[in-house]
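All values derive from a computational prediction rather than experimental measurement. Just follow the structure's listing: the first ligand is 1, and inside any ligand the first atom is 1. Every heavy atom of this structure was used, including side-chain atoms; hydrogens, water molecules and symmetry mates were not. Along the sequence shown, the residues carry numbers beginning at 1.
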Amino acid sequence: MKKHNFNAGPSILPREVIEKTAQAILDYNGSGLSLMEISHRAKDFQPVVDEARALFKELLGIPDGYSVLFLGGGASLEFCMVPYNFLEHKAAYLNTGTWAKKAMKEAKGFGEVVEVASSADANFTFIPKDYTVPADADYFHITTNNTIFGTEMRKDPDAPVPLVGDMSSDIFSRPVDVSKYICIYGGAQKNLAPSGVTFVIVKEDALGKVSRYIPTMLNYKTHVDAGTMFNTPPVVPIYAALQTLRWIKEQGGVPEMERRAIERADMLYGEIDRNKLFQGTAVQEDRSRMNICFVMAPEYKELEADFLKFATERGMVGIKGHRSVGGFRASCYNAMPKESVQALIDCMQEFEKQH
Ligand SMILES: *Cc1c(COP(=O)(O)O)cnc(C)c1O
């Protein structure tokens, strides 16, 4: 049976990315060696890093003066590296969910953290819009897509200070005004690659401004100066990321990824709103295109486990909601074909007919 992969992360990748990576693991460029067996300094591997960094810049329209890094540690390590490198006195954070809270927790170890607004009281079902960012903050940190709660900020906000963005789960799904940011980061395992590599886009002249000592590996400058090859990078995930970046470019780049994301989200939210058995959890205007969260309507609450079983039997994978929201979450990252979204909609309609 065909599987429809709605996993939240690690998650769906284009089939050709998986095949090309598998091939390179068996025999890298006809060398008779595996990608896993060669030096990251080998003349064969440097072009992979160079092309991946160049494609990042090209696809996102990153201005001059920014460096693209491929690091270890996940987005979770960036929660600490960001304040280590940028927080001298005070930083502003928008609290939009679990990941934003974790980022704030780390920052508190480095200076004053101002929570400018929070939607915690409403279980993070919306993105706060009424807030003031202190003009003396070193940066304003946002989580552009809240993977767990299914809300998304698709406009890079205006603020009196530079932005820092956790874009783990919506990178390359919409255009970004990178010039508003001093740092954009994310775990690659949602929209780009297998787990094991973290992408970081950092503005070079924003570095070196804090007075504390920064340990070598946690200092962005180390990695900028070394062309992201200071130590052994995660070679296999970077190789896979390159294949995804090439795939995005071939498909038509970020505008095409965004068009597909809108199409998928319109299809699925349309069904959620139409079907009497289901309802969405996030407020309409802040609904994520990447993580589509929904629950059973209150009068059908007891059918939740039945629907999960029904959909699983028809090939749906990973649609159980996160425990902090319940219900269902269909993650529809860049590689998600609209046929899979249609298959989920068919399930929802068939299930409705039976009830
Ligand atoms: C998954 C996720 C993280 C955590 O990423 P790790 O790479 O596992 O540390 C952080 N932020 C967001 C928005 C995420 O979706």
Side-chain angles (χ1 to χ4, degrees), residues 5-13 68-84 91 93-107 118-120 123-128 139-154 156-157 163-174 176 181 183-201 217-218 223 233-234 236-238 240-241 244 261 281-282 286-293 318-325 329-336:
N5 183 358
F6 292 96
N7 279 329
S11 37
I12 188 168
L13 290 169
V68 176
L69 309 175
F70 299 116
L71 308 178
S76 300
L77 185 60
E78 300 313 309
F79 297 161
C80 144
M81 281 176 76
V82 162
Y84 229 133
Y93 278 71
L94 187 62
N95 184 3
T96 52
T98 310
W99 298 115
K101 272 195 289 193
K102 290 189 182 190
M104 277 169 57
K105 175 174 180 281
E106 290 307 302
S118 165
S119 47
N123 200 33
F124 300 112
T125 47
F126 71 98
I127 305 277
Y139 60 83
F140 174 38
H141 182 283
I142 58 174
T143 312
T144 53
N145 184 67
N146 297 283
T147 322
I148 293 177
F149 295 95
T151 60
E152 189 174 11
M153 281 172 101
R154 276 186 288 273
D156 308 299
L163 305 177
V164 173
D166 175 355
M167 297 196 186
S168 294
S169 49
D170 63 349
I171 191 80
F172 295 115
S173 73
R174 65 160 177 107
V176 178
Y181 294 81
C183 183
I184 294 171
Y185 65 86
Q189 68 274 18
K190 311 278 164 61
N191 240 333
L192 197 62
S195 64
V197 64
T198 315
F199 63 85
V200 181
I201 302 165
M217 276 297 286
L218 301 182
H223 302 287
V236 173
I238 291 174
T244 304
T281 56
D286 297 327
R287 284 173 161 181
S288 169
R289 294 174 186 152
M290 297 285 105
N291 307 97
I292 297 180
C293 295
I319 62 163
K320 191 172 165 42
H322 189 275
R323 63 186 177 283
S324 36
V325 179
R329 170 175 54 175
S331 297
C332 298
Y333 298 120
N334 289 334
M336 172 63 62

Chemist: Any idea which heavy atoms bring F149 and T96 closest together, and the distance?
Modeler: CD1-O, 4.4 Å

Chemist: Any idea which part of S76 is under 4.0 Å from ligand 1, heavy-atom wise: side chain, backbone, both or neither?
Modeler: both

Chemist: For K190, does its backbone N or O pair with a side-chain atom of S169 as donor and acceptor, under 3.5 Å?
Modeler: no

Chemist: Examine the proximity of ligand 1 to Y185 and report which part, side chain or backbone, both or neither, has a heavy atom under 4.0 Å away.
Modeler: neither

Chemist: Of all the non-hydrogen atoms in the protein, which one sits nearest to atom 5 (O) of ligand 1, and at what distance?
Modeler: A75 CB, 3.5 Å

Chemist: A side-chain contact here means heavy atoms from C-beta on lying under 4.5 Å apart; do L192 and F172 qualify?
Modeler: yes

Chemist: Number the atoms of ligand 1 from 1 as they appear, then name those within less than 4.0 Å of a heavy atom of G74, with their elements.
Modeler: 7 (O), 9 (O)

Chemist: Below 3.5 Å, N or O to N or O, backbone or side chain included: is there any such pair between T143 and ligand 1?
Modeler: no

Chemist: Where the closest heavy atom to atom 11 (N) of ligand 1 is concerned, which of N291, T144, D166 has it?
Modeler: D166

Chemist: Could you tell me if S173 and N334 have a donor-acceptor pair between their side chains, going purely by distance under 3.5 Å?
Modeler: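 The answer is no; no qualifying pair exists.
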
Chemist: Does either side chain, that of Y333 or that of D170, offer a donor lying less than 3.5 Å from an acceptor on the other one?
Modeler: no

Chemist: Could you say whether the N/O atoms of Q189 and ligand 1 ever approach to under 3.5 Å?
Modeler: yes

Chemist: Within the 4.5 Å heavy-atom criterion, are N291 and H322 side-chain neighbours or not?
Modeler: no

Chemist: Relative to ligand 1, is K190 under 4.0 angstrom through side chain, backbone, both or neither, heavy atoms considered?
Modeler: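 For K190, only side-chain atoms sit under 4.0 Å from ligand 1.
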
Chemist: Can you sort out which atoms of ligand 1 are near F79, meaning under 4.0 Å from one of its heavy atoms?
Modeler: 10 (C)

Chemist: Looking only at heavy atoms, is any part of N145 under 4.0 Å from ligand 1, and if so is it the side chain, the backbone, or both, or is it neither?
Modeler: backbone

Chemist: In terms of ring plane angle, is the pair Y185 and F79 parallel, tilted or perpendicular, where the classes change at 30° and 60°?
Modeler: perpendicular

